[in-house]
Number of protein chains: 2
Amino acid sequence: MSIGKSLAEARELSQLMIDAADLSKDVFSNIAQELNIPVSLARAICLLETPAPMTELAARLACDKSYITPLADQMESLGLINRVPGADRRTKLLELTPKGKAVRKSLGEKVAEFSPVMVALNSAERATFMKLLAKIVKP
Amino acid sequence: MSIGKSLAEARELSQLMIDAADLSKDVFSNIAQELNIPVSLARAICLLETPAPMTELAARLACDKSYITPLADQMESLGLINRVPGADRRTKLLELTPKGKAVRKSLGEKVAEFSPVMVALNSAERATFMKLLAKIVKP
DNA sequence: TATTGTTATACTCTATAACTATA
DNA sequence: TATAGTTATAGAGTATAACAATA
């Protein structure tokens with residue numbers, strides 16, 4: 001294969017992958033918007049299946065802990081979580097309220113229904129896609 | 001298939017796809033950094049195979065034209081492009097200098113060599129991957 | 001001394017709106 | 001009137017650093 005060709009292939013394939021990821025994020029944003037939840041909060045809510053310390057949530061979101069405080073403030077003021085005592089007196093767990101759990105369930109259902117990978121690919125294709133993605137991400 | 005299972009699959013697959021795209025972007029950022037080019041400029045340079053009006057570059061980068069001016073300023077001050085007259089007296093074309101072309105060539109070569117999709121997948125796998133991505137993005 | 005969460009601040013990226021000059 | 005590029009400004013999203021309480 002010529003160098004020029006692999007160059008073009010690398011660019012095209014990388015760009016297509018980025019486009020697909022962006023599309024997936026856009027769909028998630030739209031789902032969050034329909035539920036009247038800022039998308040940053042929706043992401044956090046998805047990661048709160050069980051109560052978690054704020055530092056742990058920061059790790060899951062791959063962001064700084066200082067970013068979590070205003071996020072938690074917003075979720076709290078929307079009645080989606082409560083700050084409950086943790087192992088320490090330092091630690092606060094973010095725990096979904098019943099309303100928060102309902103929102104999380106709705107998010108999950110809509111993601112399963114409208115996520116581009118679910119809409120565009122059948123079960124066998126998704127299995128293949130998963131294997132290829134794992135190869136790209138893992139090494 | 002249970003609803004719970006497809007929900008988990010949707011999330012896992014979407015997240016993996018986003019992770020793969022982020023990895024690809026990180027690799028590109030590192031390549032740009034090694035060449036001492038801000039990544040925003042590197043992206044633009046890749047799209048300037050032939051001289052293009054600034055509005056056209058904005059369209060290719062999917063951004064507002066007002067974002068192009070400072071980008072062009074930086075590229076110009078680094079000696080990577082020149083603003084040359086276009087069809088109109090309004091239009092300016094961004095044209096890579098010899099240095100700009102050399103940087104673009106280096107970028108292309110490194111992308112072809114280090115892009116995660118190229119590193120992780122063989123030719124047949126890339127063909128499959130491309131088809132699946134096209135299905136996700138196109139419809 | 002190290003860690004949890006908070007606060008205040010600052011930075012990066014990008015867009016909006018108003019402007020100039022052409023068309 | 002519409003278009004190309006520019007300018008000034010503003011906003012979203014996120015990080016850094018210093019701090020308080022606790023360990």
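Numbers restart at 1 for each chain; the letters A, B, ... are given by sequence-line order, proteins then strands.
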Visitor: With nearest nucleotides of DNA chain C determined for B/Ala87 and A/Met54 from heavy-atom distances, which residue corresponds to the more 5′ nucleotide?
Guide: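 In this pair, the answer is A/Met54.
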Visitor: Rounded to the nearest angstrom, tell me the gap between atom NZ in B/Lys65 and atom P in C/dA21.
Guide: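 Checked: the NZ to P distance equals 15 Å.
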Visitor: Below 3.5 Å, does any donor atom in the side chain of A/Ser66 face an acceptor in the base of D/dT16, or the other way round?
Guide: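 Such a pair is found, so the answer is yes.
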Visitor: Rounded to the Å, how far apart are A/Asp73 CG and C/dA8 C1'?
Guide: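 Going from A/Asp73 (CG) to C/dA8 (C1'), I get 14 Å.
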Visitor: Return the value, rounded to whole Å, for the distance between atom CG of B/Asp64 and atom P of D/dA10.
Guide: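 Rounding to the nearest Å, CG of B/Asp64 and P of D/dA10 are 17 Å apart.
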Visitor: If the cut-off is 4.0 Å, is A/Tyr67 near the phosphate of D/dA15, judged by side-chain N/O to OP1 or OP2?
Guide: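 No.
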Visitor: Examine D/dA4: is either OP1 or OP2 under 4.0 Å from a nitrogen or oxygen in the side chain of B/Arg83? Give yes or no.
Guide: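 For D/dA4, neither OP1 nor OP2 has a side-chain N or O of B/Arg83 closer than 4.0 Å.
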Visitor: Determine: side-chain N/O of B/Thr55 to OP1/OP2 of D/dG5, distance under 4.0 Å, yes or no.
Guide: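 So the side-chain polar atoms of B/Thr55 do come within 4.0 Å of the phosphate oxygens OP1 or OP2 of D/dG5, strictly under.
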Visitor: Let me know, please, whether A/Ala62 or A/Arg90 comes out on the 5' side of the other along DNA chain D by nearest nucleotide.
Guide: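 By nearest-heavy-atom nucleotide position, the 5'-most residue is A/Ala62.
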Visitor: One thing to verify: whether B/Arg83 and B/Asp73 come together as a salt bridge, which I'm taking to mean a side-chain N less than 4.0 angstrom from a carboxylate O.
Guide: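 A salt bridge links B/Asp73 with B/Arg83.
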Visitor: Below 4.5 Å, heavy atoms only, C-beta onward: do B/Glu113 and B/Met118 meet side chain to side chain?
Guide: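 Not touching, per the 4.5 Å side-chain cut-off.
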Visitor: What is the distance from CG of A/Leu93 to P of C/dT3, rounded to the nearest Å?
Guide: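 Those two atoms, CG and P, are 19 Å apart.
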Visitor: Say whether A/Met17 and B/Ile18 are linked into one hydrophobic cluster, either directly or through other cluster members, by side-chain heavy-atom distances under 4.5 angstrom.
Guide: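 In one cluster: no.
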Visitor: With heavy atoms under 4.0 Å as the rule, sort B/Pro70 into base, sugar-phosphate or nothing.
Guide: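 Result for B/Pro70 = nothing.
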Visitor: Please check the phosphate of C/dT3 (OP1 and OP2 only) for any side-chain N or O of A/Arg89 closer than 4.0 Å.
Guide: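 So the side-chain polar atoms of A/Arg89 never come under 4.0 Å of the phosphate oxygens OP1 or OP2 of C/dT3.
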Visitor: Nearest-Å distance, CG (A/Leu71) to C1' (D/dA12)?
Guide: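 One finds 13 Å between C1' of D/dA12 and CG of A/Leu71, rounded.
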Visitor: Find the distance A/Leu57:CG to D/dT14:P and express it as a whole number of Å.
Guide: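 My rounded result for the distance is 12 Å.
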Visitor: Quick one: on DNA chain D, does B/Ile68 or A/Arg43 contact a more 5' nucleotide (nearest heavy atom)?
Guide: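 The residue mapped nearer the 5' terminus is B/Ile68.
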Visitor: Show which side-chain atoms of residues 26-48 of chain A pair as donor or acceptor with protein atoms under 3.5 Å away, not counting sequence neighbours.
Guide:
from: A/Ser29; atom 1: OG; to: A/Lys25; atom 2: O; distance (Å): 3.3
from: A/Asn30; atom 1: ND2; to: A/Asp26; atom 2: O; distance (Å): 3.4

Visitor: Rounded to whole angstrom units, what separation is found between the CD atom of B/Gln74 and the C1' atom of D/dT6?
Guide: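 Going from B/Gln74 (CD) to D/dT6 (C1'), I get 15 Å.
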Visitor: Test B/Met75 against every option in B/Ile81, B/Asn82, B/Leu96 by the side-chain contact (heavy atoms from CB on, under 4.5 Å) rule and name the one that passes.
Guide: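 Output: one option passes, namely B/Ile81.
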Visitor: Are any of A/Lys92's side-chain N or O atoms less than 4.0 Å away from OP1 or OP2 of C/dT6?
Guide: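 Yes, because at least one side-chain N or O of A/Lys92 sits under 4.0 Å from OP1 or OP2 of C/dT6.
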Visitor: Using a heavy-atom cut-off of 4.0 Å across all strands, would you classify B/Thr69 as base, sugar-phosphate, or nothing?
Guide: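 Base, at least one base heavy atom under 4.0 Å.
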Visitor: How close or far is atom P of D/dT6 from atom CG of B/Asp88, stated in whole angstroms?
Guide: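 Rounded to the whole Å, the gap is 14 Å.
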